[in-house]
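Right, one structure below, let's go through it.
All values derive from a computational prediction rather than experimental measurement.
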Amino acid sequence: MGKLNVVSLDAHPRGDSGVLRWSWVKKESDNTTTALSLVGYKVSLTVKANQYDTDESDDTAVEGYDNTLWRVDIDCDNSTDMHGLDPAEGKVLFPMPKQATWITPGTYWIDIVVENKASYRTTTVFLGKIEVQGHPTNRRTTDHTDDFGDITE
């Protein structure tokens, strides 16, 4: 597997609900792309404050993988998780609930990992950054969980 480049995603307002769209594709030699099937996979989006699993102040390793701000797990064979998308087309919608984005404004690190449900083998397929922006009047209006309903377009 080649080196993954870090991609900067758009900014997202703090405390707002949202959806992060992602497609698993293979770039061909002629620069076209081919969708890779997500049938039989789970996909996880993880958002963290630091790029690496270390404490920057003393470079000690953080145990486990629970040092995340939020994580979204999608079972690509579960029609509810796929929001009407066909997993064979390699497209996923990661819901970002307002409770997850209610964090200190700044730049945060994202990775996307796919897991083969038969072999349990995992592969990191995306590394990126997202900027969470504050604004003068943002505030949580409710602590209720977001209801995304039908979020396909």
Side-chain angles (χ1 to χ4, degrees), residues 1-28 31-134 138 140 145-146 148 151-153:
M1 181 174 166
K3 180 182 177 198
L4 293 175
N5 294 319
V6 176
V7 177
S8 291
L9 302 176
D10 289 334
H12 186 80
R14 178 177 65 159
D16 284 4
S17 305
V19 176
L20 181 64
R21 290 166 174 77
W22 176 73
S23 298
W24 197 19
V25 297
K26 175 184 175 186
K27 189 171 185 179
E28 304 292 348
N31 285 332
T32 61
T33 57
T34 303
L36 297 173
S37 176
L38 289 168
V39 173
Y41 284 88
K42 291 182 182 176
V43 184
S44 294
L45 167 80
T46 305
V47 179
K48 300 169 134 187
N50 296 323
Q51 180 180 14
Y52 300 105
D53 291 330
T54 60
D55 180 337
E56 291 179 346
S57 64
D58 62 3
D59 290 333
T60 57
V62 176
E63 293 182 17
Y65 57 85
D66 292 328
N67 60 332
T68 63
L69 296 171
W70 82 83
R71 186 169 111 187
V72 180
D73 297 318
I74 304 290
D75 180 347
C76 297
D77 298 324
N78 180 329
S79 61
T80 303
D81 285 355
M82 291 301 292
H83 301 287
L85 297 174
D86 181 359
E89 295 176 2
K91 295 180 181 179
V92 173
L93 298 175
F94 290 107
M96 297 189 306
K98 62 184 163 242
Q99 292 86 354
T101 65
W102 191 253
I103 55 179
T104 303
T107 301
Y108 294 91
W109 294 89
I110 290 177
D111 67 21
I112 296 176
V113 174
V114 295
E115 177 185 353
N116 184 305
K117 290 171 25 178
S119 68
Y120 300 104
R121 295 179 68 89
T122 61
T123 305
T124 301
V125 295
F126 179 84
L127 296 174
K129 296 187 283 186
I130 187 169
E131 181 184 352
V132 175
Q133 293 181 332
N138 66 346
R140 274 191 290 204
T145 305
D146 290 333
F148 286 96
I151 55 178
T152 58
E153 289 184 359

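Side-chain contact between L45 and I110 is present, with heavy atoms from C-beta onward closer than 4.5 Å. In this structure the side chain of R21 never reaches within 4.5 angstrom of the side chain of F94, judged on heavy atoms. Two residues are said to be in side-chain contact when any heavy atoms from C-beta on lie closer than 4.5 Å; D111 and V113 meet this criterion. Between P95 and V72, the closest side-chain pair of non-hydrogen atoms falls below 4.5 Å. Side chains of S23 and K91 form a contact here, defined as non-hydrogen atoms less than 4.5 Å apart. Residues V43 and W22 have side chains in contact (heavy-atom distance under 4.5 Å, counting atoms from C-beta outward). By the 4.5 Å heavy-atom criterion applied to side chains, L38 and V92 are counted as neighbours. The shortest distance between side-chain heavy atoms of L85 and L93 falls below 4.5 Å.
Taking the six-membered ring wherever Trp is involved, the centroid distance between the rings of Y41 and W24 falls below 6.0 Å.
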Exercise for the section: May I have the step-by-step check of side chain to side chain contact (heavy atoms under 4.5 Å, CB included) for F126 and L9, ending in yes or no? Expected result: CA-CA 11 Å; F126 179 84; L9 302 176; 3.9 Å; yes

Exercise for the section: Test W70 against T46 for side chain to side chain contact (heavy atoms under 4.5 Å, CB included), laying out the working first. Expected result: CA-CA 6 Å; W70 82 83; T46 305; over 6 Å; no

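Pairing each heavy atom of D16 with each of H12, the nearest pair is O-NE2, 2.8 Å. Pairing each heavy atom of M82 with each of C76, the nearest pair is CG-O, 3.3 Å. Here the closest heavy-atom approach between residue V25 and residue A35 is recorded as CG1-CA, 4.1 Å. Closest non-hydrogen pair, S44 versus R71, comes out as OG-NE, 4.5 Å.
D81 places a side-chain N or O within 3.5 Å of a backbone atom of D75 that can act as its donor or acceptor partner. Under the 3.5 Å distance criterion, the side-chain polar atoms of S119 are matched with a main-chain donor or acceptor of R121. Between the T101 side chain and the R14 main chain, no donor and acceptor come within less than 3.5 Å of each other. Remark: the backbone N or O of V39 is paired with a side-chain donor or acceptor of S37 at under 3.5 angstrom. Side chain of D77 to main chain of G40: a donor-acceptor pair is present (N/O by atom type, distance under 3.5 Å, no hydrogens or angles).
Partners of Y108 under the ring-ring contact (aromatic ring centres under 6.0 Å, His included) rule, at least two apart in sequence or in another chain, do not exist in this structure.
Counted within 6.0 Å of CG on N78, heavy atoms from surrounding residues, nucleotides or ligands total more than 12; the atom is thus considered enclosed.
Side-chain atoms of T33 and E28 include no donor-acceptor pair closer than 3.5 Å.
Taken to the nearest 0.5 Å, the CD atom of Q133 stands 9.5 Å off from the OG1 atom of T107. Interatomic distance, W102 CH2 to L69 CG, rounded to the nearest 0.5 Å: 15.0 Å. In this structure, the separation between CD1 on I130 and CG on L20 is 6.0 Å, given to the nearest 0.5 Å.
With E115 as the partner, the side chain to side chain contact (heavy atoms under 4.5 Å, CB included) test is satisfied by one option alone out of T123, T122, D73: T122.
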